[in-house]
Structure formats: C-alpha cells, structure tokens
Amino acid sequence: MTTSDFLVFYACVLLVILACRCIPLLALKGRELSPRVSDALGLIPPAAFSALVVNDLFDPSKALSWEPLVAAVAVLLIARRTGSLIWCALTGMGSYALLTLVL
C-alpha cells in the first residue's frame with residue numbers, strides 16, 4: 001500500500017467515523033429524548049463493562065481455573081453490601097491475588 005493509498009483510506013475512515021459520531025449529535029441537539037430511549041442509552045456502559053468482565057471470567061483457554069469466579073463472587077458480595085466501586089475493585093484484585101498465591 002502506497003502512502004497516497006493509505007492517506008485516502010485514512011481520510012475515508014475518518015470521515016465515516018466523524019459522520020457516525022457527529023450527525024446524531026447535531027440532529028438531536030436541543031431535543032428531549034423519551035424516557036425509554038434515555039433508559040436504553042443508560043444501559044450501554046454497564047453492558048459494555050459486563051461483556052469485558054465476562055470475557056475474562058469465562059476464558060476457554062483457562063477451563064479449569066476457578067480463581068476468577070471465586071473473586072467475582074467476593075466482588076458481588078461487596079457490591080451488594082457497600083455499593084462502592086473502589087471497594088469492589090480492591091476486593092477483586094486482592095481476592096484474585098490471594099487465590100493465585102495460595103494455589
């Protein structure tokens with residue numbers, strides 16, 4: 001691929017990305033979204049984070065590794081009790097480190 005081909009490709013990709021991100025913002029500027037749409041859009045960040053976490057918990061290459069699942073259960077207990085993201089992160093990292101050191 002020559003430099004000019006790459007620059008044309010890069011410019012096309014940049015235009016598509018900008019169009020996909022900017023056109024909806026400009027089209028919806030000043031408009032009020034319905035509560036259902038607002039609720040649906042509010043679920044996107046937790047869903048993306050959950051997909052990342054589940055991908056690490058159920059890794060097929062680590063089929064016999066149960067340490068991440070035990071650490072996840074500990075995090076769930078702390079999350080229900082405190083509701084604090086920092087305590088969940090510290091519990092997850094600490095329990096996983098302890099489990100890998102012990103086993």
Side-chain angles (χ1 to χ4, degrees):
M1 182 181 276
T2 64
T3 304
S4 62
D5 290 342
F6 175 76
L7 290 176
V8 168
F9 176 75
Y10 187 79
C12 291
V13 169
L14 183 65
L15 286 174
V16 169
I17 289 173
L18 287 174
C20 290
R21 292 183 181 207
C22 293
I23 290 174
L25 288 175
L26 294 174
L28 296 174
K29 185 177 180 181
R31 292 187 182 177
E32 198 61 36
L33 296 176
S34 70
R36 291 182 71 183
V37 172
S38 295
D39 290 343
L41 290 175
L43 295 174
I44 292 174
F49 182 72
S50 299
L52 292 171
V53 169
V54 168
N55 187 32
D56 289 336
L57 286 178
F58 299 108
D59 189 6
S61 65
K62 301 176 186 175
L64 299 176
S65 179
W66 53 271
E67 292 93 353
L69 294 175
V70 174
V73 169
V75 169
L76 284 174
L77 294 173
I78 294 298
R80 295 286 290 177
R81 183 157 177 106
T82 66
S84 170
L85 180 62
I86 189 70
W87 285 114
C88 291
L90 291 174
T91 301
M93 290 186 296
S95 61
Y96 186 74
L98 285 174
L99 287 169
T100 54
L101 285 176
V102 170
L103 302 173

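In this chain, numbering begins with 1 at the start of the sequence shown.
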Pairs under 3.5 angstrom only: tabulate donor-acceptor contacts from the side chains of residues 32-44 to other protein residues two or more places apart or in another chain.
from, atom 1, to, atom 2, distance (Å)
Ser34, OG, Val37, N, 3.3
Ser38, OG, Ser34, O, 3.3

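- With sequence neighbours excluded, the residues that form a side-chain contact (heavy atoms from CB on, under 4.5 Å) with Val8 are Cys12.
- Qualifying side-chain contact (heavy atoms from CB on, under 4.5 Å) partners for Ile86, counting only residues two or more places apart in sequence or in other chains: Ser84, Leu90.
- Hydrophobic clustering (ILVMFWY, side-chain heavy atoms < 4.5 Å, transitive): Met93 and Trp87 are in one cluster.
- In this structure, the side chain of Thr82 does not engage the main chain of Ala79 through any donor-acceptor pair within 3.5 Å.
- Under a hydrophobic-cluster definition in which Ile, Leu, Val, Met, Phe, Trp and Tyr are linked whenever side-chain heavy atoms come within less than 4.5 Å, directly or via other members, Leu69 and Val75 are assigned to different clusters.
- To the nearest 0.5 angstrom, Glu67 atom CD is 11.5 Å from Leu98 atom CG.
- For Ser4, the side-chain hydrogen bond (donor to acceptor under 3.5 Å, both in side chains) partners two or more places apart in sequence, or in a different chain, are Thr2.
- A search for side-chain contact (heavy atoms from CB on, under 4.5 Å) contacts involving Leu18 returns Leu14, Cys22, not counting sequence neighbours.
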* Full working for side chain to side chain contact (heavy atoms under 4.5 Å, CB included) between Arg21 and Ile17 -> CA-CA 6 Å; Arg21 292 183 181 207; Ile17 289 173; 3.9 Å; yes
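- Looking at residues two or more places apart in sequence or on another chain, you find a side-chain contact (heavy atoms from CB on, under 4.5 Å) between Ala71 and Ser95, Tyr96.
- Tracing side-chain contacts under 4.5 Å through hydrophobic residues (I, L, V, M, F, W, Y), one reaches Leu99 starting from Val102; they form part of the same cluster.
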